Amino acid sequence: MLLRILPVVILTVLLPDLYLYRTYLRKLRCRRLTLFLLALPDVVLLLSAVVLGCTETLSPANMDVLGLFFLFYMIFALPKAAFLLVSLPGRLLSPLLPGALSVATAVGVGAAVLLLGVMVYGSFRGPVRLRVTRSDFSSPDLPASFEGYRIVQLSDLHLISMRNHPGMVDRIVYAVAAERPDMVVFTGDLVSTDSKELDGFEAALSRLHAPDGVYSVLGNHDYLKYARYLTRRAQAEHFRELKDRQRGMGWDLLLNEHRIIRRGSDSIALVGTENCGRPSFPCRGDLRKALAGLPAGEEAAGGSRLFKVLLSHDPTHWRDKVLPETDIQLTLSGHTHGMQFMLFGWSPSRYVYPEWRGLYTEGGRALHVSLGLGGALIPFRFGAWPEINVITLHRK
């Protein structure tokens, strides 16, 4: 991954410092010392990027080092890149507009300081700024006895990202209990590359509880295909261990199957598919298999449509398969993380995923996308804070 973005890293490290030196620093008396102090962090960052890119395995130890690299890159390089982007237009206009460079310099310094604050806060405070979001979904197909039914959705724990914040998982469990849900669901990516990421967290996650149970599905990372340090046989063993350990925690892992949830003579269906996303993410979801045996259309008891909740990790599954091929009323997904950055409701995630955050409705059917709780690689969150989602069902 790092090798693929290496050209961007090189440009954002070198160009700002070349601009700073030529525009502001080369006339200083201690020019050589200034150049040395300016170049030293660049050399360290670029050599680290090349070495890490060539040795990248995404093992837990390797991911720790990669996370440290991105932390220093975001703090030392990106604010200077922001300064370049803001102040360069002023320099270009300075022959025509006297004073333009000084104004652009002041604004550029402000932009750099602001971005530095964002990077520092997002790296150290953002990953643990837990919040609870609430959504309501109404459907005429919901049985009357399920009015007000509360589902807590968790997603994208990526437990390796919790090792630096070990109390975060306990906070999540306590916050879920405080919501008194009827059901708890987890919509995939429990780990990033290794089943051993569960070590030390199983006891806390086993305390998740709801009257109608705790259910989970697999995300793209849970297949452990990113663990290039493991042989295929080892990947298969770790994958089997990951599934067994989830079940050992009391979670009901749904692998293209469903469960019936009852309230007296009324019932709804909880459906869970394996991950199904667009390339290069694995697609093992089988809606036909997951729905086998459930009534379709108006075939449920009393001539009404059976209300179904689908757990599917990747939100692109909703528009690609769920909407055109099923009558599922509510789908719960995660996966996007909001790219772990959001400002005033905007995130670069919107250019990748048509549905990336919150509740979307179409034709009386809905998709809810959670921003998740952990980080896949970069230990950073700003605006797209880690979240627990509470979805309350209503009969329209």
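The shown structure was predicted, so the numbers you read here are calculated from the model rather than taken from an experiment.
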Minimum heavy-atom distance between Leu130 and Ala175, given as atom pair plus value: CD2-CB, 4.4 Å
Salt bridge flag under 4.0 Å for residues Glu325 and Arg288: no
Are Ile5 and Leu14 co-members of a hydrophobic cluster defined by side-chain heavy atoms under 4.5 Å apart? yes
Determine whether a donor-acceptor pair (N or O, by modelled atom type, separation under 3.5 Å) exists between the side chain of Tyr223 and the backbone of Asn275. yes
List the atom of Glu197, the atom of Ile160, and the distance in Å for their closest heavy-atom pair. OE1-N, 3.0 Å
Both conditions, 6.0 Å and 45 degrees, for the charged tip of Lys80 above the ring of Phe76: are they met here? no
Distance from Phe239 atom CZ to Leu230 atom CG, nearest 0.5 Å? 13.5 Å
Cluster check Leu242, Leu205: I/L/V/M/F/W/Y, side chain < 4.5 angstrom: yes
Any side-chain heavy atom of Met63 sitting closer than 4.5 Å to one from Leu377? yes
Between His368 and Gly358, is there a donor-acceptor pair closer than 3.5 Å when you use the side chain of the first and the backbone of the second? no
Rounded to the nearest 0.5 Å, how far apart are CG of Leu18 and CG of Leu25? 11.5 Å
Side chains of Leu294 and Ile260: closer than 4.5 Å at any heavy-atom pair? yes
Check the orientation of Tyr121 and Trp385. Use parallel for under 30°, tilted for 30 to 60°, and perpendicular for over 60°. perpendicular
Rounded distance [0.5 Å steps], OG in Ser161 versus CZ in Arg381: 8.0 Å
Just do the side-chain contact (heavy atoms from CB on, under 4.5 Å) check on Gln329 and Phe137 with the steps written out, would you? CA-CA 10 Å; Gln329 293 90 339; Phe137 176 63; 4.3 Å; yes
Indicate yes or no for a side-chain donor-acceptor contact from Asn389 to the backbone of Thr133 under 3.5 Å, with no hydrogens or angles considered. no
Please tell me if the side chains of Val271 and Leu254 come closer than 4.5 Å, counting only heavy atoms from C-beta onward. no
Do Asp286 and Lys321 meet the salt-bridge criterion of a basic N to acidic O distance under 4.0 Å? no
Pair Glu387, Ser370 - check side-chain contact (heavy atoms from CB on, under 4.5 Å), show working. CA-CA 7 Å; Glu387 64 181 27; Ser370 172; 3.8 Å; yes
Would you call Arg395 and Asp266 a salt bridge, taking side-chain N to carboxylate O under 4.0 Å as the test? no
Under the 3.5 angstrom rule, does the side chain of Asn62 hit a backbone N or O of Thr57 as a donor-acceptor pair? yes
Residue pair Gln340 / Ile378: nearest heavy atoms and the distance that separates them: NE2-O, 3.1 Å
So, for Pro181 and Pro211, which heavy atoms are closest and what is the spacing to 0.1 Å? O-CD, 3.1 Å
Using every non-hydrogen atom in the two residues, find where Phe341 and Val118 come nearest and quote the distance to one decimal. CE1-CG1, 4.2 Å
Verify the cluster assignment for Leu367 and Val352: are they in a single hydrophobic cluster under the rule of side-chain heavy atoms below 4.5 Å apart? yes
Whether Ser123 side chain and Val120 backbone form a donor-acceptor pair below 3.5 Å: no
Do Asp182 and Phe146 come within less than 4.5 Å of each other through their side chains, counting heavy atoms only? no
Walk me through it: do Leu393 and Leu330 pass the test side-chain contact (heavy atoms from CB on, under 4.5 Å)? CA-CA 10 Å; Leu393 305 181; Leu330 176 61; 3.7 Å; yes
Could you walk me through whether Ile151 and Tyr215 pass side-chain contact (heavy atoms from CB on, under 4.5 Å), step by step? CA-CA 11 Å; Ile151 301 173; Tyr215 302 88; over 6 Å; no
Please answer: with hydrophobic residues joined when any side-chain heavy atoms are less than 4.5 Å apart, are Val214 and Ile388 in the same cluster? yes
Set out, in order, the CA-CA distance, both residues' side-chain angles and the distance that settles side-chain hydrogen bond (donor to acceptor under 3.5 Å, both in side chains) for Ser138 and His394, then state yes or no. CA-CA 4 Å; Ser138 300; His394 302 282; 5.4 Å; no
Thr273 side chain to Gly285 main-chain N or O, any donor-acceptor pair under 3.5 Å? no
Does Arg207 pair with Asp170 as a salt bridge, N-O distance under 4.0 Å? yes
Would Asp212 and Arg263 pass as an ion pair if we require N to O under 4.0 Å? yes
Is a side-chain N or O of Ser312 found less than 3.5 angstrom from the main chain of Ser333, in a donor-acceptor match? no
Main-chain N/O of Val322 paired with Arg365 side-chain donor or acceptor, under 3.5 Å: yes
What verdict does the side-chain hydrogen bond (donor to acceptor under 3.5 Å, both in side chains) test give for Ser192 and His221, after you've listed the backbone C-alpha separation in whole Å, the side-chain angles of each residue and the deciding distance to 0.1 Å? CA-CA 5 Å; Ser192 291; His221 279 266; 4.5 Å; no
Regarding Lys196 and Glu241, does a basic nitrogen lie under 4.0 Å from an acidic carboxylate oxygen? yes
CZ of Arg245 to OG of Ser195: how many Å apart, nearest 0.5 Å? 6.0 Å
Could you check whether any side-chain N or O of Asn256 sits under 3.5 Å from a backbone N or O of Glu274, counting only pairs where one atom can act as donor and the other as acceptor? yes
At what distance, to the nearest 0.5 angstrom, does CG of Asp327 lie from CG of Leu306? 8.0 Å
So, Phe83 versus Tyr24, ring centres under 6.0 angstrom or not? yes
Is there a path from Met339 to Leu115 through hydrophobic residues (I, L, V, M, F, W, Y) whose side chains come within less than 4.5 Å of each other? yes
Measure across Gly338 and Trp356 and return the closest heavy-atom pair with its distance rounded to 0.1 Å. CA-CE3, 4.0 Å
Tell me if the CZ atom of Arg284 is crowded by more than 12 foreign heavy atoms within 6.0 Å. yes
Greater than 12 external heavy atoms within 6.0 Å of Arg228's CZ: yes
From CA spacing to verdict: side-chain hydrogen bond (donor to acceptor under 3.5 Å, both in side chains), Ser48, Tyr73: CA-CA 10 Å; Ser48 300; Tyr73 169 72; over 6 Å; no
Using 0.5 Å steps for rounding, measure from the OG1 atom of Thr326 to the CH2 atom of Trp318. 10.5 Å
Checking the side chain of Asp222 only, and the main-chain atoms of Asp189 only, is there a donor and an acceptor separated by less than 3.5 Å? yes
For Tyr226 and Asn220, does a side-chain donor sit closer than 3.5 Å to a side-chain acceptor? yes
Could you check whether His335 and Phe281 have their ring centres less than 6.0 Å apart? yes
